2 protein chains.
Amino acid sequence: MRAEKEIFGKYLSRHNLRDTPQRELILDTFLKREEHISAEDLYDIVKKRDPSIGQATVYRMLKLLAEAGLARELDFGDCIKRYEHNYNHPHHDHLICRKCEKTVEVVEPQIEDLQKRVAEKYGFKLTDHSLYLYGYCANCRKRGN
Amino acid sequence: MRAEKEIFGKYLSRHNLRDTPQRELILDTFLKREEHISAEDLYDIVKKRDPSIGQATVYRMLKLLAEAGLARELDFGDCIKRYEHNYNHPHHDHLICRKCEKTVEVVEPQIEDLQKRVAEKYGFKLTDHSLYLYGYCANCRKRGN
DNA sequence: TTGCTTGCAAAGGATTTGCAACATG
DNA sequence: CATGTTGCAAATCCTTTGCAAGCAA
């Protein structure tokens, strides 16, 4: 967390932006989360520590964190932006349970390789991709799904 | 197109739904398109043939087409629902140019296999997935991207 | 005739933005 | 003290929905 805060601090000064208690609180809360989180959910948590905070501030901050390279935006296909840690948290894909919404991060170098090769086959230079695997997790299947 | 219209007709009667000129016009327009299309864009086209049509009708119709198995919903990560043909048009992934938005449909059985295996490794039973590959197409790269 | 459909406009949900008051460097 | 930042509410974007009038079966 120290490293992330330092990075963010540098990002702020480099861009002539200011360090505010709101930004510190939001960053702190975001960093403590292990799982990805939506702006709305983060707002709910942050509000408990500072009821006067506005949700626009949270939205703005998450965008800022993404720009600073500390957060990465996810898209589970429901039009809700979720953010996960990006620092020291290499690329991975997501496995998502259709029933309980449990998510698992998966890394599969072979899939990445294949994607690159497929793209090249069509003359594309790959920059990034988004892969979400949907299904039913072990738990939910046991209970008859 | 004949087959699709027949399927849709059957779907309507089986569900006690009605055949209307609006539905016919929208289906016809959708079927003539080769590429995926958003509700809004489809509405713009349809409106030229019948200016009195409402966009809600187009939205409702696209949902109906998806239910009837004639259309498939895409999600390019921008919160806009796009629909492509589903009949006689097997599953594939999309390669999308970040510059000119050109899209290419790609099929790679190996990727599908791998996904299934990865899911199983984590105890998941895969139902579906969403894979979008983003990059720069041959054309855009030539011009210096 | 019954009840599905339509077009309209209003509502919806997530996110963004304009603005005046405020606070940081 | 210049300028970035905040909270609020209004605006935005795409999509859905309530409703009264219209139309298919």
Side-chain angles (χ1 to χ4, degrees), chain A residues 5 8-30 36-68 71 73-83 101, chain B residues 5 8-30 36-68 71-83:
Chain A
K5 289 184 182 178
F8 189 61
K10 281 181 186 160
Y11 182 85
L12 290 180
S13 44
R14 200 180 329 122
H15 290 261
N16 272 327
L17 302 176
R18 286 166 190 173
D19 193 10
T20 69
Q22 289 94 331
R23 284 184 176 158
E24 277 180 15
L25 171 58
I26 296 168
L27 175 55
D28 205 67
T29 311
F30 173 71
H36 50 79
I37 190 167
S38 66
E40 200 126 16
D41 289 348
L42 184 55
Y43 171 58
D44 286 341
I45 299 173
V46 152
K47 207 170 35 181
K48 286 180 190 152
R49 282 221 257 160
D50 175 3
S52 73
I53 212 160
Q55 51 173 325
T57 304
V58 176
Y59 276 97
R60 287 189 272 236
M61 178 64 175
L62 281 171
K63 185 168 281 186
L64 205 55
L65 285 177
E67 283 162 22
E73 222 177 275
L74 303 180
D75 166 29
F76 288 4
D78 57 1
C79 271
I80 296 178
K81 285 183 186 165
R82 289 156 219 270
Y83 295 84
E101 300 201 309
Chain B
K5 289 185 180 176
F8 188 62
K10 283 181 185 158
Y11 181 85
L12 289 181
S13 44
R14 201 181 327 122
H15 291 261
N16 272 329
L17 302 176
R18 285 165 191 173
D19 192 11
T20 69
Q22 289 93 332
R23 284 183 175 159
E24 277 181 14
L25 171 57
I26 296 168
L27 175 55
D28 205 67
T29 311
F30 173 71
H36 51 80
I37 190 168
S38 66
E40 201 126 15
D41 288 348
L42 185 55
Y43 171 59
D44 286 341
I45 298 174
V46 151
K47 208 169 34 179
K48 285 179 190 152
R49 283 221 257 161
D50 176 1
S52 72
I53 212 160
Q55 51 173 328
T57 304
V58 177
Y59 276 97
R60 288 189 273 237
M61 178 64 175
L62 282 171
K63 186 170 281 186
L64 205 55
L65 286 177
E67 283 161 22
R72 186 190 296 140
E73 224 176 273
L74 302 180
D75 166 30
F76 287 6
D78 57 2
C79 272
I80 296 177
K81 286 184 185 163
R82 289 157 221 271
Y83 295 84

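Please read these numbers as outputs of a predicted model, since none were measured by experiment. Only heavy atoms go into these numbers, but all of them, side chains included; no hydrogens, no water, no symmetry mates. Residue numbers begin at 1 in each chain, while the letters A, B, ... track the order of the sequences.
Residue A:Asp50 contributes atom CG, which lies 10 Å from atom P of D:dC8 at whole-angstrom precision. With rounding to whole Å, A:Ile80 atom CD1 is found 5 Å from C:dA14 atom P. A:Asp78 places its CG atom 16 Å from the C1' atom of D:dT16, with the value rounded to the nearest Å. If you measure from atom NZ of A:Lys10 to atom C1' of C:dG25, you get 19 Å, rounded to the nearest angstrom.
Checked against C:dT15, D:dT17, D:dT16, the side chain of B:Lys81 finds its nearest nucleotide in D:dT16. Listed nucleotides D:dT15, C:dG7, D:dC8 differ in distance to B:Thr57; the shortest reach to its side chain belongs to C:dG7.
Within the structure, a side-chain polar atom (N or O) of A:Tyr59 is placed less than 4.0 Å from OP1 or OP2 of C:dT15. Taking only side-chain nitrogens and oxygens, A:Lys63 comes nearer than 4.0 Å to OP1 or OP2 of C:dT16.
Listed here is the closest heavy atom pair of B:Lys63 and B:Tyr83: N-OH, 4.5 Å. Closest approach of A:Ile37 to A:Asp41, counting heavy atoms only: CG1-CB, 3.6 Å.
Contacts with DNA chain C (heavy atom under 4.0 Å) in residues 12-27 of chain B: B:Asn16, B:Leu17, B:Arg18, B:Thr20, B:Gln22, B:Arg23, listed by number.
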Where do N or O atoms of nucleotides 19-22 of chain C meet protein N or O atoms at under 3.5 Å, pair by pair?
none

Exercise. Starting from the C-alpha separation in whole Å, work towards a yes-or-no answer on side-chain contact (heavy atoms from CB on, under 4.5 Å) for A:Asp28 and A:Arg49.
Key: CA-CA 11 Å; A:Asp28 205 67; A:Arg49 282 221 257 160; 3.1 Å; yes

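Taking the nucleotide of DNA chain C with the nearest heavy atom to each of B:Pro51 and A:Ala56, the more 5' of the two is matched to B:Pro51.
In the helix from C:dT1-D:dA25 to C:dG25-D:dC1, the rotation axis of the first five pairs and that of the last five pairs differ in direction by 30°, rounded to 10 degrees.
Surrounding NZ of B:Lys10 are at most 12 heavy atoms belonging to other residues, nucleotides or ligands under 6.0 Å away.
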